[in-house]
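Nothing fancy with the numbering, it's 1 onward along the sequence. These numbers were taken from a predicted model, which means no experiment stands behind them. We use all heavy atoms of the structure for the numbers below, so side chains are in, but hydrogens, waters and symmetry mates are not.
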Amino acid sequence: MVEQQISLGSVNIEAENPGELAEFWSVVIGSAPSRSGESVYLPPSSTSGFAMFFQPSTRPREHQGIHLDLTVPWGSRQAEVERLVALGATHRWDVLDEVPHVQWTTLADPEGNLFCIAEHPPTT
């Protein structure tokens, strides 16, 4: 049997304004943007563990089929949500008691892409 060695390398996002959206996400994940024409690359930061690549949209977005679930330490979700809203994210909703092993807040980035900030309670 072959051992699986798969990991997330990069999240690729089409954007109306790749530069502006990359600036938002660069602060979110703590990475410095690298531009090439209209595209922008954010290398993995020491904490994110994944890269992001932004390129111009080639067609209108019909719906969002995938979103990021970003995890923060227990007890820090609300402060992180407030930080991201101050950066330009929009608060959409909270899910605080649906399941016992996670609480999350769903936000939208400046172009409306949904993502979640989740925290998991400590195991006892």
Side-chain angles (χ1 to χ4, degrees):
M1 183 169 148
V2 177
E3 182 180 332
Q4 294 295 324
Q5 296 185 12
I6 193 167
S7 64
L8 177 62
S10 178
V11 175
N12 299 294
I13 299 174
E14 288 188 353
E16 291 178 26
N17 189 323
E20 286 182 15
L21 195 56
E23 287 295 328
F24 169 81
W25 281 101
S26 72
V27 178
V28 172
I29 69 170
S31 183
S34 174
R35 297 176 188 277
S36 177
E38 292 185 64
S39 298
V40 183
Y41 176 72
L42 299 178
S45 70
S46 61
T47 56
S48 74
F50 62 89
M52 297 183 85
F53 181 72
F54 300 84
Q55 58 194 6
S57 297
T58 57
R59 62 187 184 280
R61 181 173 60 185
E62 294 178 15
H63 95 292
Q64 182 175 330
I66 189 170
H67 73 265
L68 297 176
D69 282 344
L70 305 174
T71 303
V72 297
W74 179 254
S76 66
R77 179 188 47 78
Q78 188 59 43
E80 188 65 14
V81 166
E82 290 170 8
R83 181 181 81 89
L84 299 178
V85 167
L87 290 172
T90 302
H91 181 272
R92 298 298 296 272
W93 60 82
D94 295 305
V95 178
L96 305 177
D97 56 8
E98 185 173 309
V99 292
H101 63 276
V102 64
Q103 295 179 348
W104 72 88
T105 298
T106 300
L107 303 170
D109 72 16
E111 288 199 10
N113 300 300
L114 298 179
F115 65 100
C116 295
I117 301 297
E119 61 184 350
H120 300 269
T123 56
T124 54

Worksheet entry | side-chain contact (heavy atoms from CB on, under 4.5 Å) between V85 and T90, worked out | CA-CA 6 Å; V85 167; T90 302; over 6 Å; no
Exercise. Is L68 linked to V81 within one hydrophobic cluster, defined over Ile, Leu, Val, Met, Phe, Trp and Tyr using a side-chain heavy-atom separation of less than 4.5 Å?
Worked result: yes
Note to self: Under the criterion side-chain contact (heavy atoms from CB on, under 4.5 Å), I'd like the reasoning laid out for V40 against F53: C-alpha separation, chi angles, the key distance, then a yes or no.
What the structure shows: CA-CA 6 Å; V40 183; F53 181 72; over 6 Å; no
**Prompt:** Would the W25 and F115 ring centres measure less than 6.0 Å apart?
**Reply:** yes
CD (E23) and CG (L87) are apart, to the nearest 0.5 Å, by 11.0 Å
For side-chain contact (heavy atoms from CB on, under 4.5 Å), just list the numbers for L21 and N113, CA-CA rounded to whole Å, side-chain angles, deciding distance to a tenth of an Å, and then say yes or no. CA-CA 10 Å; L21 195 56; N113 300 300; 3.8 Å; yes
Check: If we only count heavy atoms from C-beta on, is the P18 to Q55 side-chain gap below 4.5 Å?
Finding: no
Check: Under the 3.5 angstrom rule, does the side chain of S45 hit a backbone N or O of S31 as a donor-acceptor pair?
Finding: no
**Q.** Hydrophobic cluster identity match, Y41 and V28, side-chain contacts under 4.5 Å
**A.** no
Subject >> Cationic N near anionic O, under 4.0 Å, R77 to E80 >> reply: no
- Taking E14 for its side chain and S57 for its backbone only, find out whether a donor-acceptor pair lies under 3.5 Å. no
- Message: Between Q103 and D97, is the side-chain contact (heavy atoms from CB on, under 4.5 Å) condition met? List the steps.
- Response: CA-CA 7 Å; Q103 295 179 348; D97 56 8; over 6 Å; no
With a 4.5 Å limit on heavy-atom distance, are the side chains of V95 and T106 in contact?
-> no
Examine distances only and state if a side-chain atom of D94 and a backbone atom of L96 form a donor-acceptor pair shorter than 3.5 Å.
-> no
Worksheet item: Are P121 and W74 side-chain neighbours, meaning at least one heavy-atom pair lies under 4.5 Å?
Response: yes
### Message
Is it the case that over 12 heavy atoms from other parts of the model lie below 6.0 angstrom from the CZ atom of R92?
### Response
no
> Side-chain heavy atoms under 4.5 angstrom apart, residues restricted to Ile, Leu, Val, Met, Phe, Trp, Tyr: same cluster for L84 and L114?
Replying inline: no
Is it the case that the side chain of H120 and the backbone of H101 share a donor-acceptor pair, with hydrogens and angles ignored and the cut-off at 3.5 Å? yes
Side-chain contact, heavy-atom cut-off 4.5 Å: P110 with E20?
-> no
CG of L70 to CD1 of I117, rounded to nearest 0.5 Å, is 4.5 Å
Interatomic distance, CZ@F50 vs CG@L42, rounded to 0.5 Å, equals 9.5 Å
Closest non-hydrogen atoms of S48 and I29, given as atom of the first, atom of the second and distance, are CB-CB, 3.9 Å
Review point. Side chains of N12 and S10: closer than 4.5 Å at any heavy-atom pair?
Key: yes
- Task: Treat each ILVMFWY residue as a node, draw an edge where side-chain heavy atoms are under 4.5 Å apart, and state whether V72 and V102 are in one component.
- Result: no
Can you get from W104 to L107 by hopping between Ile, Leu, Val, Met, Phe, Trp and Tyr side chains that sit under 4.5 Å apart? no
In this structure, OG of S76 is separated from CZ of R83 (nearest 0.5 Å) by 10.5 Å
Answer yes or no: is there a donor N or O on one side and an acceptor on the other, between the side chain of E119 and the main chain of T71, under 3.5 Å?
no
Are there more than 12 heavy atoms of other residues, nucleotides or ligands under 6.0 Å from atom CD of E16?
no
